[in-house]
Protein chains: 2
Amino acid sequence: MNSAEELTAGQNLRHLPYNVFAKTCPSRGTLEHVTGRWGALTLGALHEGPFRFNELRRRVDGVSEKMLSQTLHALERDGLVHREAQPTNPPRVDYELTPLGHEVAERLLSLIRFVEGSMDDVLAARQTYDACRD
Amino acid sequence: MNSAEELTAGQNLRHLPYNVFAKTCPSRGTLEHVTGRWGALTLGALHEGPFRFNELRRRVDGVSEKMLSQTLHALERDGLVHREAQPTNPPRVDYELTPLGHEVAERLLSLIRFVEGSMDDVLAARQTYDACRD
DNA sequence: CAGCATCCGAGATGATACTG
DNA sequence: CAGTATCATCTCGGATGCTG
């Protein structure tokens, strides 16, 4: 292998400090928070601005109060979401993305929008796949 | 639209944009295949080239036979992965991304690399969060 | 309004054994 | 090698009731 090939291989194998492909890497857990069923939708919703708890619940259609609460706690702990509670009565709590959260959400939304835009192809592929199994 | 076109609308329907935030949207299911625990890692691994079943298993550290098989089936059905089996003995089966799969994987890897690169910030945020709860 | 505590079923996951 | 089949386990997620 010459030196140019070594450089290419080095980049592809990615000897970075954190490697999500290794099962002990903590980045795997954070990736699951970000890409999880409700994590992805919550980050996507919050990318449009700050929202209160029940506003978020309506935007993330189908999420239960328990799962939204749990999801927000995980994202807050990872430093992606900021929680601001006002000690009023009735209580008012606003959630918003941190700068890091916005950067994550941008990349996530790029993926989400692409998947949405590919659904006709995906559904067509499923029909072809299912047809060949009957 | 005349009545004949309406009758075949199920086949030829032109959809409004798919919206993953609506709980009945099929894009939600595909997004879960793509971002799921093993789906994301499998797409990420396959972005570097075609691999055989057990090669993939070693790259996606920790995945079981069963889950890898299940994950590959879902991604193949969605048209993101192509499976090529050679009827030799012993059998040889190669998996590779389709063009659509590569586009999805690129956006996914952008997210994965960013998360990996942010882990120092994330772990610091966790310590701060946990400290304020004791 | 913004949650938490509890229970419980469904589905995801893992370990093991087996097949072509 | 490339899977499938089966069973045990365990987490996720929804429903409900309650609190400040």
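Letters go in sequence order (proteins before strands), and every chain restarts at 1.
Contact annotation: H73(A) reaches the phosphate of dC4(C) (side-chain N/O to OP1 or OP2, under 4.0 Å). Regarding contacts with the backbone of dA2(D), every side-chain N or O of S69(B) stays at 4.0 angstrom or more from both OP1 and OP2.
M67(B) places its CE atom 14 Å from the C1' atom of dT9(D), with the value rounded to the nearest Å. Spacing between atom CZ of R92(B) and atom C1' of dG3(D) amounts to 16 Å, rounded to whole angstrom units. In this entry the distance linking CZ of F51(A) with P of dG3(C) reads 16 Å, nearest Å. Residue L68(A) contributes atom CG, which lies 10 Å from atom P of dA2(C) at whole-angstrom precision. What separates CD of E55(B) from C1' of dC1(D) is a distance of 11 Å, to the nearest Å. Whole-Å rounding puts the E32(B) CD to dC12(D) P distance at 14 Å. Distance CG (D94(A)) to C1' (dC1(C)): 12 Å, rounded to an integer number of Å. The distance between atom CG of L41(A) and atom P of dC12(D), rounded to the nearest whole Å, is 17 Å.
Of all heavy-atom pairs between C25(B) and N19(B), the closest is CB-O, 3.1 Å. For the residue pair R107(B) and S110(A), the shortest heavy atom distance occurs at CG-OG, 3.5 Å. L68(A) and V63(A) make their closest contact through N-CG2, 3.7 Å (heavy atoms, listed as atom of the first residue, atom of the second, distance). The two residues L56(B) and A45(B) make their nearest non-hydrogen contact at CD2-CB, 3.9 Å.
Closest to the Y95(B) side chain, of the nucleotides dG3(D), dC1(C), dG13(D), is dG3(D). For R83(A), the listed nucleotide lying nearest its side chain is dA2(C); candidates were dC4(C), dG3(D), dA2(C). Checking dC1(D), dC4(C), dG13(D) against every side-chain atom of R52(B), the shortest atom distance belongs to dC1(D).
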Could you run down nucleotides 15-20 of chain C 5' to 3' and tag each one B, S or - for protein heavy-atom contact under 4.0 Å? B-B--B
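No hydrogens or angles considered: a donor-acceptor pair under 3.5 Å links the side chains of Y18(B) and D120(A). In summary, the side chains of R77(A) and T30(A) do not present any donor paired with an acceptor at a separation below 3.5 Å, with no hydrogens or angles considered.
Ion pairing between R59(A) and D61(A) fails under the 4.0 Å rule for side-chain N and carboxylate O.
At the heavy-atom level, R57(A) lies nowhere under 4.0 Å from the strands shown.
Between R37(B) and Q70(A), the residue anchored closer to the 5' end of DNA chain C is Q70(A), taking for each the nucleotide with the nearest heavy atom.
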